[in-house]
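For reference, the structure is listed below as structure tokens.
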Amino acid sequence: MKNKVFRTFQEAVADIPDGSVIMLHSFSGPGGIAQNLIKALREQGAENLTLIGCNLGQISGVGMLEYQESSSGEIPGLRERIDAPGLYSLILGQSYTTPAVLIENGQVKKAITSWAGTSVVGIESPLEKAVKNGGIQLEIVPQGTLAERIRAGGAGLGGFYSPVGVDTVYQEGREKRNIQGRDYLLETPLKADFGFVRAYKADLLGNLIYRGSSRSFNPLIATAARTTIAEVDEIVNPGELDPEAVVTPGIFVNRIVRIEQGAMK
Amino acid sequence: MKNKVFRTFQEAVADIPDGSVIMLHSFSGPGGIAQNLIKALREQGAENLTLIGCNLGQISGVGMLEYQESSSGEIPGLRERIDAPGLYSLILGQSYTTPAVLIENGQVKKAITSWAGTSVVGIESPLEKAVKNGGIQLEIVPQGTLAERIRAGGAGLGGFYSPVGVDTVYQEGREKRNIQGRDYLLETPLKADFGFVRAYKADLLGNLIYRGSSRSFNPLIATAARTTIAEVDEIVNPGELDPEAVVTPGIFVNRIVRIEQGAMK
Amino acid sequence: MKTRLDTEVIAMRVAKEFQDGDCVNLGFGIGADAASYIPPDKTVIFHSEQGILGYGRILTEGEEALADFNLTHAGGKFVAPQPGMCFFNHADSFVMVRGGHLDVTVLGALQVSEQGDLANWSLDPAGRLGNIGGAMDMPVGIKKVIVAMEHTTRDNRIKIVKKCTLPLTCPRCVDLMVTDLAVIEVTAGGLVLKEFAPGWSPEEIQALTEPTLILADDLKEMEL
Amino acid sequence: MKTRLDTEVIAMRVAKEFQDGDCVNLGFGIGADAASYIPPDKTVIFHSEQGILGYGRILTEGEEALADFNLTHAGGKFVAPQPGMCFFNHADSFVMVRGGHLDVTVLGALQVSEQGDLANWSLDPAGRLGNIGGAMDMPVGIKKVIVAMEHTTRDNRIKIVKKCTLPLTCPRCVDLMVTDLAVIEVTAGGLVLKEFAPGWSPEEIQALTEPTLILADDLKEMEL
């Protein structure tokens with residue numbers, strides 16, 4: 001049996017060359033983000049990367065504070081909301097890692113995403129700032145179309161016709177076609193050199209299960225990346241996952257790294 | 001909460017009108033076939049149906065014997081293989097219902113399938129016979145393309161480009177297009193008025209789980225039919241299925257019928 | 001200045017539109033709060049685009065112990081688990097959306113036109129940058145599109161217009177608008193004023209609306 | 001007449017092509033039996049198109065008690081469960097196939113051309129009727145395509161031809177042929193005879209093969 005388990009995140013990302021296309025998930029909140037792989041790639045330093053992910057503008061509340069302090073100054077009220085006791089600050093006050101750290105670190109030349117901003121109106125994201133400075137090329141894609149394009153990449157399709165974005169500015173540069181009385185736009189598949197996946201458990205064959213709303217783009221990324229690296233809470237023996245409940249078949253997973261106990265999950 | 005549970009198969013198919021498009025699964029062996037719904041539809045008698053399914057030529061070994069006796073005569077060796085003790089006759093000797101009964105009963109005008117024959121070389125299927133007699137219009141589609149066309153129907157796509165069938169007779173009548181150096185054929189989505197699904201358990205919301213290799217086309221059919229009817233071994237309360245292991249979300253299921261204990265499964 | 005309805009009341013009025021058994025995507029903004037006003041005799045199943053169907057209520061202050069970072073809705077708030085919920089991936093989630101399997105979506109808007117055109121994703125007329133998210137997918141695929149918004153901008157500019165000047169999210173998609181002043185239906189014949197906020201006259205609402213409003217036969221004060 | 005290899009030996013020779021960790025779809029026919037000849041030091045993961053990855057061995061007579069109608073492979077035979085197997089739907093199954101995620105497929109053939117064109121789905125030159133099944137999907141998407149077949153038809157007609165006369169399943173897809181007489185590789189330069197069956201000479205094999213065979217530098221008798 002091929003060994004897919006890597007001991008450290010550093011080793012798992014060591015061979016990612018400059019110019020790679022990386023697919024990775026980020027959506028609202030820390031759930032489902034491969035934070036340790038992102039941090040390892042920041043440390044590794046590969047440049048001229050293309051990132052593909054749902055919300056590449058996303059930064060945590062604490063991240064927003066830090067980022068704003070180092071750039072455009074204070075965010076009215078954010079500090080108070082983070083410091084306040086209760087549920088809202090539990091979300092906003094989390095300090096977690098998002099793909100934005102790669103953008104801030106100057107490693108990214110292109111971003112394909114559905115959301116370039118932060119989740120707080122009026123707070124500019126590192127991605128938006130880099131786009132305005134001309135440092136990053138941005139392609140904005142509707143969220144469901146982005147998910148489907150990644151699936152199409154994994155599925156070996158040449159493209160698909162979607163009704164989303166017809167007769168909006170999004171259709172510029174896209175082929176519009178009427179099929180049986182309805183207009184559609186031609187969408188092309190997305191593939192990646194490396195996919196970063198955050199899962200709950202892996203078995204030694206690479207079969208993965210996820211947790212709740214953290215599943216999201218992760219299983220799609222696994223199918224569309226030439227090399228898929230999964231960070232997981234637990235690695236178990238084949239047979240310990242319910243075969244009816246496996247979400248990502250092991251065939252799609254090349255490398256597995258266990259997240260240290262006690263690390264941010 | 002809307003009641004989705006029907007007491008009998010007869011009631012569940014009662015309103016299927018002549019001319020309906022029905023999607024239903026059949027592959028090698030009885031697993032995953034909605035046999036009770038098929039039988040109920042045969043009894044109900046709707047005509048001019050279009051069937052969409054993987055192997056619409058399929059009949060069981062016992063079915064082959066019966067069918068051949070009523071038509072083109074004896075099948076050399078089949079009777080012996082069915083009557084022999086052991087594993088092979090366990091498969092071949094099963095008497096189970098396939099979509100072929102609807103074809104034999106003259107209820108079908110068109111079939112879209114990847115496999116029109118039986119699984120035994122030299123034994124003509126009811127579908128092949130009906131096609132030769134001019135009674136049924138046949139569209140043969142590669143198996144993976146058929147699955148993807150059904151998914152596209154459920155997903156609201158206008159079509160997709162597949163590399164399968166390029167430069168074969170299959171491409172006749174299909175648009176060929178070169179995308180980034182590779183040729184693809186344009187494939188259109190498939191939808192149905194009614195979908196027959198065979199699952200293991202349903203909860204009252206219509207969430208479904210399956211068993212092993214019987215999953216197959218069933219979850220796809222559920223997404224692409226306007227009215228999906230599921231026959232299941234057990235109906236449980238919401239919360240009794242593991243939310244991480246639900247395969248078909250209840251939103252895709254309109255009617256549920258429990259298979260009687262002791263009935264052929 | 002006269003009192004307008006607050007966002008909570010708008011959310012309550014939106015919630016009245018949900019039918020028993022409806023599957024609903026609320027996005028975020030005012031609509032998200034509609035989840036809190038479902039009458040006990042109705043089952044409404046909520047969809048969140050990252051892959052949840054049937055999640056429970058949104059947790060409120062004091063429920064920190066129940067918070068799970070693997071159970072948040074698209075707006076990033078913690079939700080409670082609920083019997084019968086299930087999870088799926090993001091592509092399957094938009095199979096539901098694009099494929100026409102969801103009954104209702106509630107969206108915010110920057111502008112809505114007389115024809116039901118929706119603009120809600122970019123303040124830049126050229127649509128550079130901007131955050132599309134799921135905004136373009138939802139109105140294309142979901143059966144009924146409800147816009148929940150303030151009737152005018154904070155600096156009192158008109159949002160319900162003859163023709164949108166901001167980049168469209170989706171043409172001809174809005175079915176109903178619930179604002180802090182009115183309930184307005186988009187019909188083939190034009191915008192029909194169905195309900196007005198307490199203390200407001202149809203004429204006053206018309207003055208804050210560019211297209212001519214048709215008064216519904218059963219025009220009435222908004223009830224909750 | 002000289003002895004040819006039986007189907008079991010062909011299957012054994014095919015099995016030698018599998019590398020440790022390979023994911024393999026065997027279809028049915030001769031290739032299906034290759035699953036029984038995996039050496040114990042190799043892990044080969046088998047894929048069945050209706051949605052199984054990693055199923056166990058095919059059950060044999062006497063194992064009726066283990067037979068489960070929810071655990072059969074694409075050829076309709078009962079298989080044993082195996083730790084690490086998993087299930088998925090038919091579309092996801094062909095995501096694996098078409099998307100290039102499987103390493104090897106073993107197919108039967110009616111004809112194979114000098115260029116590696118494969119014909120295996122219809123005996124009718126016009127391709128009416130016929131059963132495509134997964135035959136067209138597999139060779140398009142799977143990395144290595146092995147044809148396992150008898151070298152000639154039962155009535156001794158040539159199957160390895162300059163140009164197929166039967167309708168194609170997939171052009172230019174075959175990588176290797178394992179027949180009851182020979183192992184032949186399809187290369188850009190032509191068909192390369194790599195191995196011959198015991199008791200057969202390259203000249204005798206050439207006589208039953210239409211295109212000119214290039215003799216491999218390391219041409220040898222087939223070893224198992």
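We name chains A, B, ... by the order of the sequence lines, and we start the count at 1 in each one.
The candidate from B:Ser162, B:Gly212, B:Gly158 with the greatest count of non-hydrogen atom pairs under 4.5 Å with chain A is B:Gly158. Put simply, of A:Arg215, A:Glu187, A:Arg151, the one with the most heavy-atom pairs under 4.5 Å next to chain B is A:Arg151. Considering only heavy-atom pairs separated by less than 4.5 Å from chain B, the leading option among A:Gln180, A:Glu148, A:Arg182 is A:Glu148.
Using a 4.5 Å cut-off on side-chain heavy atoms (C-beta onward), B:Phe160 and A:Leu157 make contact. The shortest distance between side-chain heavy atoms of A:Arg177 and B:Leu186 falls below 4.5 Å.
The environment of NZ in A:Lys191 is sparse: at most 12 heavy-atom neighbours from other residues, nucleotides or ligands sit within 6.0 Å.
With hydrogens and angles ignored, the 3.5 Å screen pairs no side-chain donor or acceptor of B:Glu244 with any backbone N or O of A:Ala245.
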